[in-house]
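The structure appears below as structure tokens.
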Amino acid sequence: MATLWRFTLFLCMLLMACGGLSLASKEAKTRSSQTETGTHNTTEEGGHGAGPITTLPIVTWKWDHISVQYLVALWVLVCWLCKLLIEANHNVTNYIPESALLICSGFILGGMIWGADKVQTFSLNPTVFFYFLLPQIILDSGYHMPNKLFFTNLGAILIHAVIGTCWNAASLGLSLWGCHMGGAMGDLDIGLLQYLLFGSLMAAVDPVAVLAVFDQVHVNEVLFIIVFGESLLNDGVTVVLFNVFDAFVSLGGGRINAAEIIKGIVSFFVVAFGGSLVGIAFGILISLLTRCTKNIQIIEPGFIFVMGYLSYLTAEMLSLSAILSTTFCGVLCQKYVRANMDESSVQTVKYAMKVFANGSETIIFVFLGISAIDKVIWVWNTGFILLTVFFVFVYRFIGVFFLQWILNRYRLVPVELMDMVIMSYGGLRGAVAYGLAVLLDEKKIKEKNLMICTTLIVVYFTVILQGITMKPLVMWLKVKRAAVAEVSLLEKITNKMFNHTLVAIEDISGQIGDNYFRSKWRHFEEKWMTPFLMKPSARKKQDDVFDVFHQLNLKDAMEYVTEGERRGSLEFVRNDSAILDFKKKLESEYTEAMPDIPPYMIHDDGNLILIAPLEIYLIRKLADHIPSVSLEMHEQTMKAMREPEAVDVHHLLDQHLYKSRKQYRHGFSRSDFKINRDEKEVQEIFQRTMRNRLESFKSAKMGVSPPKTLVKYSKKEQAVTDSCNGREKGHPKYGHLRCSTHLPFQRVKQLGKSWFKGR
Amino acid sequence: MGSSSSISSAHLLRLYDRFESLDRDNRGCLSPDDFEALGGLAMNPIGGRIMEAFFSSGQDTVDFSSFVRILAHFRPTDRNRNKEGAQQELPSSRTRKLKFAFQLYDMDRDGKISREELLQVLRAMLGLQVTEEQLQSIAERAIQEADLDKDDAISFDEFKKSLEKTDIDTKMSVSFLK
């Protein structure tokens with residue numbers, strides 16, 4: 001019910017907005033014509049406006065100043081609001097993919113604008129699409145590409161991308177031309193070359209659409225990567241085919257001879273490899289850059305975006321394949337960027353990229369819907385449109401099955417039949433095809449409008465119809481779904497061992513196989529690329545197994561913290577068995593390695609007090625942020641103990657456990673995230689909680705209940721505790737104990753949570 | 001020999017050629033020196049262990065049938081053909097591969113992977129990048145995860161269980177033995 005009200009409210013708002021906007025734009029048009037024809041002198045004084053002013057205006061209507069920016073921002077907002085509405089109800093999105101719903105919202109919005117304006121003022125402009133909406137999606141795909149999977153299946157992907165797309169283009173163009181000759185389409189002014197051009201723009205599987213639909217279906221990873229990789233890499237072919245046939249159409253049929261055709265083929269290699277090289281170059285640049293940006297961690301994430309965009313534009317400038325360039329840029333730099341940059345920067349890049357990519361995708365689909373509501377472009381030719389849809393569908397199946405059947409003979413694990421069905425069914429066309437269609441020159445191609453609306457219909461057919469039926473089809477065909485991977489250390493270790501084993505077996509049996517190349521590449525990478533592109537400090541932590549270990553440690557630490565919270569921090573101290581439980585879980589891991597080291601003990605008036613090593617470690621790490629007072633205490637405690645093994649324990653712990661994260665209290669400075677350096681405040685909290693803890697600690701030992709009232713500390717006392725250095729209070733060792741046995745759970749939990757979330 | 005491994009005759013011929021080329025002193029069987037002559041194997045972190053696997057039954061020579069038998073572990077399991085028919089073929093070949101992997105860990109053949117054995121493998125594979133204490137923690141943790149009966153070692157069943165989600169068939173197969 002609530003969503004229904006929200007929806008109607010939204011519709012009314014939109015209607016008003018549209019009405020207002022179209023009025024405003026009309027006004028802007030008339031006003032701009034006024035200023036042109038009006039007096040130039042007066043407009044200089046009064047700025048953009050209507051004629052000379054007679055009195056001081058308090059407030060003026062400055063629509064012209066910001067009309068473009070306002071419209072842009074408003075449209076972005078409207079598209080994202082559509083997404084908000086759609087995602088409000090998950091029942092719907094389970095059956096109908098979000099992209100289809102976004103297109104429908106586009107229809108509604110387009111209808112509203114049409115109603116207000118009687119002409120379609122807004123549509124998906126190819127310039128905006130290719131230069132402002134597409135790059136971030138491709139960068140996101142490249143940066144988050146599962147590299148191992150991608151390169152393992154690269155052969156299949158390339159074959160499908162190149163040969164498959166060529167086949168699609170050729171077959172579609174020729175069949176349509178054949179039907180035209182056969183008279184199925186009535187009276188159309190399209191020649192063979194134009195059919196081929198149309199075929200080439202229709203042939204490409206669209207990465208945006210594939211992502212949008214497969215995202216919700218979760219098929220097995222091999223299937224996904226083949227389709228998705230194909231959709232990315234076929235841009236190389238599409239660009240070439242489109243440009244070649246476009247040039248041929250301009251040249252006219254007569255001037256095409258063998259030389260031109262050879263040039264076309266050569267241009268394919270140049271465009272594809274050139275684009276990839278540009279991408280690789282930018283990837284290397286990004287990695288090198290992130291190697292040196294230690295001092296500007298604030299804007300470190302921004303470099304990825306700027307350089308990624310530049311790689312897109314550079315390739316575009318050189319008329320190479322921009323999508324290939326951006327893809328390979330992301331594919332190359334992901335490993336080094338993640339190693340070089342600070343953890344928070346990596347997270348920032350990840351989330352910001354997702355925002356941009358997802359946001360762009362939303363806008364693209366909404367505008368695909370809006371663009372349809374335009375009377376000008378609609379030219380209906382039943383034969384052409386229906387035949388196109390039919391041929392696109394059928395030839396995709398034929399192409400995929402044939403190619404994959406050949407490829408399966410060379411694959412270790414052949415792709416199953418049902419997977420092939422899904423691969424063919426997943427050949428979705430999308431906004432790229434539409435963008436290319438709009439780019440057609442109507443002087444050369446008379447039937448441009450027909451092509452545009454055919455493209456739109458094919459796009460709607462694939463995205464909406466095939467999108468909706470994809471999930472049921474996957475379930476009906478019992479296609480293998482993506483396995484939810486929970487990694488265990490043993491698995492990781494064994495995987496690594498398998499890799500080595502296979503290399504050895506290949507060596508023994510004298511055959512050069514995949515694994516040989518893979519290990520050669522790994523050696524090359526370790527020897528040459530990593531030292532060049534990765535920071536020295538990051539190089540040491542490069543290992544799968546260690547990563548998994550690291551993450552498992554983190555999980556443990558988080559569990560420890562939540563457990564502590566659950567029981568109340570004092571419970572640990574009071575309840576011996578609680579300590580022992582955690583001792584078992586955590587301490588055993590650390591002290592087992594050196595079984596003769598006792599758990600960290602501190603003498604308190606002759607008694608031994610047990611403190612879990614994890615606590616100590618966390619204290620120590622916290623001490624990094626809290627000024628030197630407690631750290632010194634800690635060091636002195638250690639010296640006082642005179643146990644050489646304790647240093648080993650610390651060293652051991654230091655290496656194993658996670659590094660706790662700095663908790664920032666941000667000031668208003670935009671250039672600096674300063675840690676809160678208000679020493680007095682921090683110390684006071686520290687000392688106070690420590691004191692409380694110690695009280696209950698003591699009372700637990702003595703059997704006395706802890707004080708329930710909050711003790712207020714006067715400034716004087718604080719000053720005393722401030723100079724804990726001087727150890728003015730109490731037993732020298734006891735004084736140490738006070739400063740160093742504290743574990744401020746709130747802080748630890750905060751720190752632990754933020755770190756864990758970040759992971 | 002044919003029944004257990006059932007490799008095609010073309011492959012067998014190729015393997016025999018390879019066997020002969022490895023057998024430098026033409027004794028009709030391979031000794032450890034012949035294996036060590038392979039440079040790549042020497043560089044491999046677990047090359048020594050794999051060599052051990054060939055000389056499994058305490059002998060110090062490998063004849064052609066054992067050579068092929070060991071290599072047959074790495075045949076890709078033929079899934080499509082066996083879909084209808086021998087379903088029991090599938091688990092046994094997967095089990096055979098797992099047994100082979102298990103033996104790579106379990107050098108003393110006592111049927112259990114002890115912490116020390118795991119440590120040795122880890123040290124060989126990761127030794128350069130990770131410190132000794134970290135290795136020990138990793139080994140400790142790995143055993144803790146997999147060890148269900150808490151005997152501080154991983155038995156074959158526990159090993160199998162912890163790897164049940166892994167696609168052993170792909171990870172332990174070489175294509176040219178199909």
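Convention: sequence-line order gives letters A, B, ...; per-chain numbering from 1. Predicted model only: the values in this text are computed from it and were never measured.
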Locate the shortest heavy-atom distance separating B/Met125 from A/His500; write the atom from each residue and the value. SD-CD2, 3.5 Å
At a 4.5 Å cut-off on heavy atoms, which part of B/Ala101 comes close to chain A: side chain, backbone, both, or neither? both
B/Ile154 versus chain A, heavy atoms under 4.5 Å apart: side chain, backbone, both or neither? side chain
Not counting sequence neighbours, which residues clear salt bridge (Lys or Arg N to Asp or Glu O under 4.0 Å) with B/Lys112? List them please. B/Asp151
About how many Å separate NZ of B/Lys161 and CG of A/Leu490, when rounded to the nearest 0.5 Å? 13.0 Å
Gap between atom CD1 of A/Ile505 and atom CD1 of B/Ile70 - 0.5 Å precision: 8.5 Å
Within this structure, what is the CD-CG distance for the pair A/Glu491 and B/Leu163, rounded to the nearest 0.5 Å? 6.0 Å
When only pairs under 4.5 Å are counted, which of A/Thr494, A/Val503, A/Asn495 shares the most heavy-atom pairs with chain B? A/Thr494
Using the test salt bridge (Lys or Arg N to Asp or Glu O under 4.0 Å), find all partners of B/Lys99 that sit at least two apart in sequence or belong to another chain. none
Close side-chain approach of A/Asn553 and B/Arg141, heavy atoms under 4.5 Å: yes
Can you measure from CG (B/Leu122) to NZ (A/Lys496) and round to the nearest 0.5 angstrom? 10.0 Å
Would you find more than 12 non-hydrogen atoms of other residues, nucleotides or ligands less than 6.0 Å from A/Glu221 atom CD? no
Answer with side chain, backbone, both or neither: which region of B/Ile113 has an atom nearer than 4.5 Å to a non-hydrogen atom of chain A? neither
Please report the shortest heavy-atom distance between B/Ala142 and A/Ile493, naming the atom on each side. CB-CD1, 4.1 Å
Part of B/Phe19 lying under 4.5 Å from any heavy atom of chain A: neither
Any sub-3.5 Å donor-acceptor pair from B/Asn44's side-chain atoms to A/Thr501's backbone N or O? no
